[in-house]
Every structure is written in C-alpha cells, then in structure tokens.
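So the structure is just underneath, and the comments pick up after that.
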Amino acid sequence: MSSFLYGLLCFCALGCGQLTSAQPDDGKRYICRAVPLSGDASCPVTLLPDLSTGGQEEELRNTVMQLRETILQQKETISKQIGTINELTTKLSLCASASDDREYNKGGSWGKEKQNTMGDVPRDPNDTIDSLGKTMQGLKDRLENLEQQQMRANISGASFPSELRDLLQRRLGELEKQLLNKVSNLEQEKSMLSNATAAYRLKTESTLNALVERISELEKGGGDFKSPEQFKLSLPQRTNYLYGRITKSLPEMYAFTLCMWIKSSASPGIGTPFSYGVPGQANEIVLIEWGNNPIELLINDKVAQLPLEVRDGRWHHICISWTTRDGQWEAYQDGDKLGTGDNLAAWHPIKPGGVIILGQEQDVVGGRFDAGQAFVGELSQVNIWDRVLKPVEIQSMANCTSYIPGNVISWLASNVEVFGRGAFKRPLEVCQERLPNT
C-alpha cells in the first residue's frame, strides 16, 4: 500500500513537470491530486503559494516521511491486534475443550476425542458463557460422584490407604489410653469420696450426740424457770466458742437504753458482755472491759469510758442510755447514775438488721471472736428500749420494785440461743437475792 502511494506521488510530480515544460512559465506552481473516476471533474484544484523548486521538494519529502511513519504505526497496531485475537482464540478453545470433561466415563476413558480448536475463529460470547456453565456443572457432577464413591467405600468396609489406617489406629490407641486414665481417676475419686463420706458420717453422728446431750441439759434447766425471763446465761470459761445469740435484731434507732444484770469476777477485765454488729460496722454497739481499762461503750466505733465497777463476783444491775442528739450518754449502776457525757457518735443513727452476741466481741458480723475479749460470768434480763428511760424506771428495776421488759429486745428463753459446750441457761435467783446488800 505504501508503494502504491509513493508511485502515485511520483507520477503526479512527473506530469506536472511536463506541463510546465510545454507551457510558458507564468510564475505559478501546481501539484497533482488523485480524483476518483466518479468524482466531479470540475473540482477546483487548491493552489499552493509561490514556492521555489527546493521548497517544493522538501515539502514532498516531509509528506512522504509522515505517510511512511503512519503506515508503520498502523502495521504495528494490526500486529498487536492479531496477537490478541490469537490469544483469545486459544483461551476460548481451551474452555471449549474443557467442556468435553463431562463425557468422562467410569472406566477412565474419554467419550470422544478432544477437538483441537486452536486457531479457530472465536465463538459467540453467549456460547462461551453457556460452555463455561456446562463445564462447571460437569465438574460439580464429578465431585459428587467421587464423594458418593467414597461413602460407598466407607460403608462397604473398603480398605483405606496404609498411612491413613495407621494414623487412625494411633489415634484410637491414644483415645483408649485417655479413656482408661479417666476411668482410673474416677475410681480413685470414688474411693476418696467414700472415705470422706464415712468421715463425714462419723462427724455428723458425733454432732447429733452432742446436740442430744445439749437439748437434754436445756430441757432439764428450762424446767426450773419460774417465768420466761427468770433465767440466766452462764459463760464460765474465757474461750472464743462460748456465747449466746439473741434471735431478734434491732431496728433503726435514734436513741436507746440497754439494761442487764451482770455477775463476774474475771481478771483482768470482764470481757465483752454485749456486742451488736451490722454489715460494714462490726462495732455498732459494744460494751467491753479488757485488760486493766475501765468499761467502755462503743457506738459506731466511737469510744466513751464508763465509771462502772462490777468485777467483785456479785450481781449488779447496770443501764446505759444514749441519744443521737449531741451524742449524749448516761451510765447507771444499781440504780444510781454514775456518769454522763456527750459527743459520742453524735447524729449517727443506730443501723438496723445486725446481729446481737452475748459474751463475745465481733470482728465481723456474727463471728471471728477473740478469746482474749470473751466475757466470763453470768448475764440475765438483757433488755433494750428505743428511748432513754427515766431515772425512776431504772431505779425500780434495780431495787426489784418492778420488771420492765424491753420494747425492742426483751429477755425471753425463746429469744436466746446458747452455743458451745459449757454454756448453759440456768434458773435465775430471785431478785432480792441479787441485791448488792444481801
């Protein structure tokens, strides 16, 4: 094609040269242009500006070079397109040949010879998509067929490869060892549990026997009570397991009066005849004498020392009253007011829902007793009111003129539980025998 164009240009150049030699030179220059046979013969020819002979030849040379470069670029593009077409044709041929895999029979032979489609004209895209879909379906069918064959082989007991069989045997052996170890451990635990059960049975029987003896002692002592309040709690030893517990608790109080009959000759200090602990504060109300210190009243862990002396081995009637207003307190012994004070846990209300222990100081609510702070002696008629009693009321109880039970906690045999071997509820002496001057 480039040769043709080049020849055409040369022919035009020669023709123009002959015309110029046959006609006189009018100072104008012409260039020939190919016109189709069916074209208009009267088409005007574009005149070039006046050029010299050297300039015309240079222009023609540049034009020829540009045409040659254009032709080479088009040839390179056509070659690339031909390569791309061949590559696509190869891929489509491979896809078409893969679609014949579904003809694979159980004997492992092809149903027909694969057709060589290399170099064929590319198929229609719709046909290619259908072919790929059929290929995928064929592969899926082959996979399902292999899975079914594997299942039938497993059911029929077909032999596995030797490596797989050895692996399964080793795994089964490990599982068997683990099972045997588990059974052995269970047998050991069963034996230990049996021994623990026997020990627990012996401990339970011993506890039941102790309870029976204790109930018998309580029944024997309770039968001599002249009235429900005419009994005393005896705690003869300084231990951390002898104590009494009042089954009722206190409500929220802004004032109270605590009264009791107390008898002790313990030294040094009588210990803790009364303690009331609540969650978060084990020393909500505590009456304690330990070491050579005087008797102390603790309210919300705040301390006031009381001028009371009861370590003479005789019965004494004591009362302590307190109010949250300015934290005022009063202490009575045998009907006489011996001391007063204020600023003891002022404006702090007594919290409800705690535990009342007789004979032990609580480090936590209801427990963790310290033998060094245990009470040694006898207690009776421990009553609590939610008000400050009048002096005349306290005197009447101290001189045996009257007995006033507490409106919050009253001293009843049914309200007091006894814990520890050696702690008992016994009949109380008559009030006149408890007076200090008898």
Side-chain angles (χ1 to χ4, degrees), residues 229 232-233 244 246-263 270 272-278 281 283-289 294-310 315-359 375 379-412 415-416 428 431 434:
E229 74 278 0
K232 62 184 178 181
L233 174 63
I246 295 179
T247 58
K248 294 185 177 181
S249 184
L250 297 179
E252 185 177 43
M253 298 187 301
Y254 299 90
F256 71 86
T257 300
L258 169 64
C259 293
M260 68 180 70
W261 285 92
I262 185 171
K263 179 181 179 181
I270 64 173
T272 309
F274 180 90
S275 68
Y276 173 67
V278 297
Q281 180 52 271
N283 295 327
E284 187 70 2
I285 303 176
V286 179
L287 190 63
I288 183 173
E289 182 187 56
I295 295 178
E296 294 178 341
L297 173 65
L298 280 71
I299 296 180
N300 191 32
D301 229 6
K302 307 300 186 296
V303 183
Q305 294 184 344
L306 308 180
L308 303 179
E309 293 288 343
V310 297
W315 282 106
H316 294 278
H317 185 267
I318 61 174
C319 286
I320 298 96
S321 63
W322 172 87
T323 176
T324 187
R325 183 181 179 84
D326 296 329
Q328 296 178 352
W329 59 269
E330 297 177 344
Y332 293 81
Q333 181 174 330
D334 299 325
D336 298 328
K337 183 189 295 186
L338 300 184
T340 62
D342 59 9
N343 199 29
L344 176 60
W347 311 109
H348 169 77
I350 301 300
K351 297 179 182 178
V355 176
I356 299 175
I357 299 294
L358 303 178
F375 171 77
L379 299 172
S380 184
Q381 295 183 358
V382 180
N383 292 281
I384 302 177
W385 297 261
D386 58 358
R387 62 184 177 88
V388 176
L389 293 184
K390 299 177 181 179
V392 64
E393 294 175 314
I394 295 175
Q395 292 174 359
S396 65
M397 289 187 292
N399 59 24
C400 297
T401 302
S402 65
Y403 172 73
I404 306 174
N407 67 334
V408 175
I409 298 295
S410 59
W411 183 256
L412 297 173
N415 289 346
V416 180
L428 179 65
C431 188
R434 299 196 301 270

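In this structure, Ile285 and Trp322 have side chains that are not in contact, with every pair of non-hydrogen atoms separated by 4.5 Å or more. The closest side-chain heavy-atom distance from Val286 to Phe274 is not below 4.5 Å. The side-chain heavy atoms of Asn300 and Leu344, taken from C-beta on, include no pair separated by under 4.5 Å. When side chains are defined from C-beta on, Ile320 does not count as touching Tyr332, because their heavy atoms never get closer than 4.5 Å. Within the 4.5 Å cutoff, side-chain heavy atoms of Ile262 are placed close to those of Phe375. Using a 4.5 Å cut-off on side-chain heavy atoms (C-beta onward), Val310 and Ile295 make contact. The closest side-chain heavy-atom distance from Ile318 to Leu287 is below 4.5 Å.
Of the possible polar contacts, one joining the Asn399 side chain to the Thr401 backbone as a donor-acceptor pair under 3.5 Å is found. For Asp386 (side chain) and Asn407 (main-chain N/O), no donor-acceptor pair under 3.5 Å exists by modelled atom type. The backbone N or O of Ser321 sits nowhere less than 3.5 Å from a side-chain atom of Thr257 that would complete a donor-acceptor pair. Of the possible donor and acceptor atoms, none in the side chain of Glu284 sits under 3.5 Å from a partner among the backbone N and O of Gly354. Using modelled atom types, one side-chain atom of Gln333 and one backbone atom of Glu309 make a donor-acceptor pair closer than 3.5 Å. Formation of a donor-acceptor pair under 3.5 Å by the Gln305 side chain with backbone atoms of Pro294 is not found in this model. Side-chain atoms of Asn383 do not come within 3.5 Å of backbone N or O of Cys259 as any donor-acceptor pair. For the pair Thr324 (side chain) and His348 (backbone), a donor-acceptor distance under 3.5 Å is present.
The environment of Tyr254 atom OH is sparse: at most 12 non-hydrogen atoms of other residues, nucleotides or ligands sit within 6.0 angstrom. Counting non-hydrogen atoms of neighbouring residues, nucleotides and ligands closer than 6.0 angstrom, the CZ atom of Arg325 reaches no more than 12 such neighbours.
Of the inter-residue distances, the one linking His317 atom NE2 with Cys431 atom SG reads 8.0 Å to the nearest 0.5 angstrom. Here Leu258 contributes atom CG and Trp385 contributes atom CH2; the two are 8.5 Å apart, rounded to the nearest 0.5 Å. For the atom pair CD1 of Ile404 and OG of Ser410, the computed distance is 13.5 Å after rounding to the nearest 0.5 Å. Atom CD1 of Ile246 and atom CG of Leu358 lie 4.5 Å apart (nearest 0.5 Å). Considering OG of Ser275 and CD1 of Ile356, their distance stands at 9.0 Å, rounded to 0.5 Å.
Shortest non-hydrogen contact noted between Asp334 and Ala398 is C-CB, 3.7 Å. Taking each heavy atom of Ala331 and Pro307 in turn, the nearest pair found is CB-CD, 4.5 Å. Val408 approaches Pro251 most closely through the heavy-atom pair CG1-CD, 3.4 Å. Annotation for Gln281 and Asn283: closest pair OE1-N, 3.0 Å, computed over non-hydrogen atoms.
Not a single side chain to side chain donor-acceptor pair (under 3.5 Å) links Asp342 to another residue, sequence neighbours left out.
Between Gln381 and the choices Met260, Lys232, Met397, Glu229, the side chain to side chain contact (heavy atoms under 4.5 Å, CB included) rule is met once, by Glu229. Partner Glu330 forms a side chain to side chain contact (heavy atoms under 4.5 Å, CB included) with one of Thr340, Ile394, Leu306 and no other, that one being Thr340.
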Kindly determine whether Ile384 and Tyr276 satisfy side-chain contact (heavy atoms from CB on, under 4.5 Å), including the steps that lead there. CA-CA 12 Å; Ile384 302 177; Tyr276 173 67; over 6 Å; no
If you apply the rule side-chain contact (heavy atoms from CB on, under 4.5 Å), what do you find for Ile409 with Asn415, and how did you get there? CA-CA 9 Å; Ile409 298 295; Asn415 289 346; 5.9 Å; no
Could you walk me through whether Leu428 and Arg434 pass the side-chain contact (heavy atoms from CB on, under 4.5 Å) test, one step at a time? CA-CA 9 Å; Leu428 179 65; Arg434 299 196 301 270; 3.1 Å; yes
